[in-house]
Trainee: 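Structure in structure tokens, see below.
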Amino acid sequence: MTPVLLTSKDMILAGGLLFSSIVLSLVMSLGLQQALVISAVRMTVQLALTGSMLLLIFDRPSVWLTIAMLVLMFGAASYEVGSRQLVKLTPGWHFGIGGSSTVIGTVIVVLIGLLTALQPHPWYQARTAIPMTGLLLGNVMNAVSLTMNTLLSTISRDRSAIEARLTLGATRAEAMNGSIRQAIRTGLIPTLNQMAAAGIITLPGIMTGQILAGMNPLEAAKYQIVLMSLIVSGNIIGTTLAATLTAARLSDARGRLRLDHLVR
């Protein structure tokens, strides 16, 4: 089975569907038309540029081109994580914690996947390493962003309760432990929902793509199981790091809550 190639008419149809959504937003006064237009333009430009860059990288195999693409992806993800919260740490720390947690969680599981299950030759082969990193990076980025947003908002809201625990002799970890656990759980909810629904309510993207490309459905299911396991592991690593480092930044060795490290 050969891949189905889309024509100009197919792309025009996709654009028409987006335009219909914009019209519906206007008719129903949803106020989403500007966001839809900006998102649609950004998506189109980004995907077109990414496709062109990947075509260049795949045609000229080079470990340095692969690394350069991955660095660009990690930088963009770090920026997105740091820009999504309403309550933020001071800029350097905010982007540093969010970015490092996302990158570390992603790199660990990508290396595990490349060196064990997938085993491309060489292991850094761009056609395997870049798409896999992109898949895992997006999931870890969302989980870390949700975790940091929840934790920063919760600590700001529950300042009095946390300071009371510290006054009564609780350690930093004890005073903020409940907030940290809740933030990590919130960050993992979308992933857990995705796992629970996979195969019954939805066919995950990777499995769907492989089936459309002609792979045996059972083999495609095996790939999806491995990838979901990597996604969950990466998300747990990333969210745990983000929550722990954020909580540490909002306190000091003397047991004080340091909300002066926040930017409102």
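If you're wondering where the values come from, they're calculated on a predicted model, not measured in any experiment.
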Trainee: Looking only at heavy atoms, which two atoms of Ala126 and Ile57 are closest? And how far apart?
Mentor: CB-CG2, 3.6 Å

Trainee: When rounded to the nearest 0.5 angstrom, what distance separates OG1 in Thr191 from CD1 in Ile236?
Mentor: 8.5 Å

Trainee: Decide yes or no for Leu241 and Ser100: does some side-chain heavy atom of the first lie under 4.5 Å from some side-chain heavy atom of the second?
Mentor: no

Trainee: Any side-chain heavy-atom pair from Leu54 and Met69 closer than 4.5 angstrom?
Mentor: yes

Trainee: In the structure I gave you, are the side-chain heavy atoms of Glu80 and Thr102 within less than 4.5 Å of one another anywhere?
Mentor: no

Trainee: Quick one: are Leu18 and Met43 in side-chain contact, heavy atoms under 4.5 Å?
Mentor: yes

Trainee: For a quick test of reading the model, state the closest non-hydrogen atom pair linking Leu227 to Leu136 and the distance between them.
Mentor: O-CD2, 4.3 Å

Trainee: If you apply the rule side-chain contact (heavy atoms from CB on, under 4.5 Å), what do you find for Arg249 with Leu245, and how did you get there?
Mentor: CA-CA 6 Å; Arg249 178 58 181 165; Leu245 294 175; over 6 Å; no

Trainee: With rounding to the nearest 0.5 Å, note down the distance linking CG in Leu188 to CG in Asn139.
Mentor: 11.0 Å

Trainee: Identify the heavy atoms of Ile184 and Ala243 that sit nearest to each other, and give their distance.
Mentor: CG1-CB, 3.8 Å

Trainee: Any idea which heavy atoms bring Gly99 and Ser78 closest together, and the distance?
Mentor: CA-OG, 3.2 Å

Trainee: Looking at CG of Leu146 and CD1 of Ile189, how far apart are the two atoms once the value is rounded to the nearest 0.5 Å?
Mentor: 8.5 Å

Trainee: How many angstroms lie between atom OG1 of Thr106 and atom CE of Met132, to the nearest 0.5 angstrom?
Mentor: 10.5 Å

Trainee: Just wondering, more than 12 heavy atoms not from Tyr223 lying within 6.0 Å of its OH?
Mentor: no

Trainee: Please find the pair of heavy atoms, one from Ala247 and one from Leu151, that lie closest to each other, and give the distance.
Mentor: N-CD2, 4.1 Å

Trainee: Is there a donor in the side chain of Asp10 and an acceptor in the side chain of Thr7, or the other way round, less than 3.5 Å apart?
Mentor: yes

Trainee: With a 3.5 Å distance limit and no angle check, can you tell me whether Ser233 reaches the backbone of Ser229 through a side-chain donor-acceptor pair?
Mentor: yes

Trainee: Where do Val140 and Ser101 come nearest, in terms of heavy atoms and distance?
Mentor: CG1-O, 4.4 Å

Trainee: Would you say the side chain of Thr147 lies within less than 4.5 Å of the side chain of Thr186, judging by non-hydrogen atoms?
Mentor: no

Trainee: Does atom CZ of Phe19 have more than 12 heavy-atom neighbours from other groups under 6.0 Å away?
Mentor: no

